[in-house]
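By convention in this document, chain letters (A, B, ...) are assigned in the order of the sequence lines, proteins followed by strands, and residues within each chain are numbered from 1.
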Amino acid sequence: MLDLQLLRSDLDGVVKRLADRGFTLPAAEFEVLEAERKKVQTDTQELQARRNALSKQVGQLKAKKEDASALMAEVGAQADQLKALEQQLDSVQKRLTDFLMVIPNLPQSSVPAGKSEADNVEVRRVGAPRTFDFAVKDHVDVGAALGGLDFDTAGKIAGARFSVLKGGIARMHRALAQFMLDVHTQEHGYTEVYAPYMVSGECANGVSSLAKFKDDLFKVEGRDLYLIPTAEYPVTNFVRNQILASSELPLKFVCHTPCFRSEAGSYGKDTRGMIRQHQFDKVELVQIVAPETSAEAHEQLTAHAETILNKLELPFRTVALCTGDMGFSSAKTYDIEVWLPGQNAYREISSCSNFEAFQARRMHARYRAAGTAQGKTEFVHTINGSGLAVGRTLVAILENGQQADGSVAVPAALQPYMGGLQAIRPL
RNA sequence: GGAGAGAUGGCCGAGUGGUCGAAGGCGCUCCCCUGCUAAGGGAGUAUAGGCUCAAAAGGCUUAUCGAGGGUUCGAAUCCCUCUCUCUCCGCCA
């Protein structure tokens, strides 16, 4: 949610910055709503003040055992009017909130301008793609040859966009999550957390717009509960409705969860293999920080995610998303893309975003400035990123590590997590 | 699933219809005193918002005692619904 004060004080500026990311803010609609709010709120509060004052007098008279019936009648006479005004105020405030809740975040000034993926800017490229002296297979064929990647069985159980892993591949999948958690907790100072795989609609709205994106989520029938599309949903909401001490910041959490996405609107996209699934595992990094440190923390968190690829010796590049390609809540996003020889392309394996105060405002997550107990409360900044998507990391290892004999080399950093196994061979 | 108890400020806890945004304590901040440590004294200390003001300061004002509704001139306090927590019993991964 954007700062309402900012819309009031600099509507034109906000319209302009949102236009950069391809969003048209209906400014006239806002001004009408805001004018109505101002009038109704003022009127309502005046009447409430009057009622409160008169009621107080009634109390004083009654304490002295004097007659208060005239005052009581006077307040009673305006009861209907007050009630009507209060309902009007509720209504206009709800409309104003609904209006605000579907407006995306403002891009930082450092975000490259652009309309689509094509305008994203590569900020670095690490590791050289390997050259193969045999015909390169994609992960589906590599997995099939090993006998450990089974989409037929998954389809029988749950339909398309699910997978069954077996043997060494299942073990590697497990090993990857353990490895990532250990690196982030031991080397990057994150606290490991375990969290619910379902969140309330309120929490979903805290990190994104439920109204806009509910079709992307799986909902629990008959309840206000949604399967999480990422651990960002539960973990960022840890600080919902809280006032943190500045000494508690930054909070750094790492959380391994499955993620569930309906993938509505992506029909026909990435239908082969386990690139785009209804269910996948992810190790998520979440930071809650003071505003002045968020830009730096965002860079660090991105580097933390990249560390995993470095250790696994997987080639990747990092791109800064352009204004037109960023997600709803983000002020700035880096995507990390891993090299997939089977696709002859870099594919997203992590997305690291700084949301600034956008989510904090929706969640009422604040902190108290350092030193003084009377210090003003301020909204925290929230940052998160995948560190990394486990399924896609597995895909990357299968494709980059494939060997002529059909086996797959286990990266050295991962071998301790697989009992010293150096390669996965057919079952 | 059955029975009961509860939800108040950063924390503990008082408050069962009127001047209560809320006693008291703890904690915290600032100041004073005290030649270490310890102790003592004083002041301050919820959040969000609106109007006013060029702005800051200030002034006026509204809402919030788990959430939502109701009764009443007036609700932390009475009534209803919901959520959550705790205790006991049952069941159970």
Side-chain angles (χ1 to χ4, degrees), chain A residues 1-10 30-31 33-101 194-206 220 222-226 234 237-249 251 288 357-380:
Chain A
M1 183 160 62
L2 296 182
D3 183 2
L4 185 55
Q5 307 289 356
L6 185 63
L7 267 87
R8 288 188 185 132
S9 60
D10 185 21
F30 172 75
E31 284 179 316
L33 264 177
E34 175 60 10
E36 184 184 347
R37 188 230 97 226
K38 187 165 173 172
K39 165 126 186 52
V40 176
Q41 181 163 359
T42 311
D43 290 355
T44 305
Q45 292 190 350
E46 258 172 37
L47 215 55
Q48 284 171 331
R50 187 172 162 72
R51 178 206 56 199
N52 291 346
L54 290 177
S55 294
K56 202 169 248 186
Q57 286 179 38
V58 171
Q60 286 165 347
L61 286 178
K62 290 210 161 183
K64 287 186 272 180
K65 303 226 186 286
E66 290 175 25
D67 176 46
S69 53
L71 284 177
M72 285 163 64
E74 192 179 342
V75 184
Q78 53 181 240
D80 288 347
Q81 195 193 346
L82 180 57
K83 192 164 189 177
L85 273 173
E86 282 172 343
Q87 280 169 359
Q88 246 185 80
L89 184 59
D90 273 1
S91 153
V92 69
Q93 278 179 334
K94 182 171 186 313
R95 278 178 284 145
L96 204 52
T97 305
D98 289 349
F99 180 90
L100 277 176
M101 289 297 269
Y194 171 84
Y197 298 164
M198 299 180 202
V199 296
S200 65
E202 204 177 37
C203 286
N205 239 331
V220 177
R223 300 201 50 175
D224 181 36
L225 275 181
Y226 299 81
N237 275 290
F238 280 11
V239 295
R240 142 178 300 273
N241 286 332
Q242 263 193 271
I243 301 175
L244 299 155
S246 63
S247 58
E248 294 176 80
L249 301 179
L251 290 171
I288 312 292
F358 189 83
Q359 296 180 326
R361 242 178 249 118
R362 298 168 86 94
M363 296 187 301
H364 297 115
R366 292 151 295 165
Y367 81 107
R368 205 180 290 282
T372 56
Q374 297 96 315
K376 187 99 184 91
T377 59
E378 248 189 286
F379 289 111
V380 296

*For Leu244(A) and Leu251(A), what are the C-alpha separation, side-chain angles and deciding distance, and is it a side chain to side chain contact (heavy atoms under 4.5 Å, CB included)?*
CA-CA 10 Å; Leu244(A) 299 155; Leu251(A) 290 171; 4.2 Å; yes
*Mapping Thr42(A) and Gly59(A) to their closest nucleotides on RNA chain B, which lands nearer the 5' end?*
Gly59(A)
_Pairwise 5' ranking along RNA chain B for Arg223(A) and Leu54(A), keeping only the more 5' one_ = Leu54(A)
_Applying a 4.0 Å non-hydrogen cut-off, can you work out what Gln60(A) is touching in the nucleic acid: base, sugar-phosphate, or nothing?_
base
*Determine whether more than 12 heavy atoms belonging to other residues, nucleotides or ligands lie under 6.0 Å from atom CE of Met198(A).*
no
Under 4.0 Å between a side-chain N/O of [X] and OP1 or OP2 of [N], yes or no?
X         : N      : answer
Asn52(A)  : U62(B) : yes
Arg37(A)  : C51(B) : yes
Asn241(A) : U47(B) : no

*Using a heavy-atom distance cut-off of less than 4.0 Å, which residues of residues 62-75 of chain A contact RNA chain B?*
Lys62(A), Ala63(A), Met72(A), Val75(A)
_Nucleic acid contacts - residues 76-92 of chain A versus RNA chain B, non-hydrogen atoms under 4.0 Å_ = Lys83(A)
[X] [atom1] - [N] [atom2] separation (whole Å):
X         : N      : atom1 : atom2 : result
Arg366(A) : U47(B) : CZ    : P     : 8 Å
Arg51(A)  : U71(B) : CZ    : P     : 13 Å
Lys56(A)  : G21(B) : NZ    : C1'   : 11 Å
Gln93(A)  : U64(B) : CD    : P     : 13 Å
Gln41(A)  : U52(B) : CD    : P     : 11 Å
Glu378(A) : U47(B) : CD    : P     : 13 Å
Gln45(A)  : A48(B) : CD    : P     : 16 Å
Ile243(A) : U45(B) : CD1   : C1'   : 13 Å

So how far is it from [X] [atom1] to [Y] [atom2], rounded to the nearest 0.5 Å?
X        : Y        : atom1 : atom2 : result
Arg95(A) : Asp90(A) : CZ    : CG    : 11.0 Å
Leu4(A)  : Phe99(A) : CG    : CZ    : 10.0 Å
Leu96(A) : Leu33(A) : CG    : CG    : 5.5 Å

*Nucleotide pairing, RNA chain B (Watson-Crick or G-U, distances under 3.5 Å), in dot-bracket with [ ] and |*: ((((((((.[[[..)..(.....]]]((((((.......))))))(((((((.....))))))).[[[[[..)....]]]]])))))))....
Indicate yes or no: at least one non-hydrogen side-chain atom of [X] is less than 4.5 angstrom from one of [Y].
X         : Y        : answer
Phe358(A) : Leu2(A)  : yes
Asp67(A)  : Leu61(A) : no
Lys94(A)  : Asp98(A) : yes

*Which atom names give the shortest non-hydrogen contact between Phe379(A) and Arg366(A), and what distance separates them?*
CD2-CG, 3.6 Å
_Considering all heavy atoms, the nearest Ile288(A)-Leu249(A) contact_ = O-CD2, 3.6 Å
If I pick the [atom1] atom on [M] and the same atom on [N], what distance separates them, to the nearest angstrom?
N      : M      : atom1 : result
A57(B) : A48(B) : P     : 15 Å
U8(B)  : C65(B) : P     : 12 Å
G35(B) : U45(B) : P     : 32 Å
A46(B) : A5(B)  : P     : 35 Å
C91(B) : G1(B)  : P     : 15 Å
G49(B) : G21(B) : C1'   : 15 Å
A56(B) : G74(B) : P     : 36 Å
G59(B) : G44(B) : P     : 16 Å

For the side chain of [X], starting at C-beta, report the closest nucleotide among [options].
X         : options                : value
Val58(A)  : G18(B), G21(B), G50(B) : G18(B)
Thr377(A) : G21(B), A48(B), U62(B) : A48(B)
Gln5(A)   : G18(B), G49(B), U52(B) : G49(B)

Distance-only criterion, 3.5 Å: show the donor-acceptor pairs between side-chain atoms of residues 71-81 of chain A and protein atoms not counting sequence neighbours.
residue: Glu74(A); atom: OE2; partner: Arg50(A); partner atom: NH2; Å: 2.4

*Who pairs with Ser200(A) by side chain to side chain contact (heavy atoms under 4.5 Å, CB included), at least two apart in sequence or on another chain?*
Glu202(A), Cys203(A), Asp224(A)
*Any residue meeting side chain to side chain contact (heavy atoms under 4.5 Å, CB included) with Gln45(A), in chain and number order, not counting sequence neighbours*: Gln41(A), Gln48(A)
*Can you find an N or O donor on one side and an acceptor on the other, under 3.5 Å apart, linking the side chain of Glu46(A) with the base of G50(B)?*
no
*Checking salt bridge (Lys or Arg N to Asp or Glu O under 4.0 Å) for the pair Glu34(A)/Arg37(A): CA distance, chi angles, key distance, verdict?*
CA-CA 5 Å; Glu34(A) 175 60 10; Arg37(A) 188 230 97 226; 2.4 Å; yes
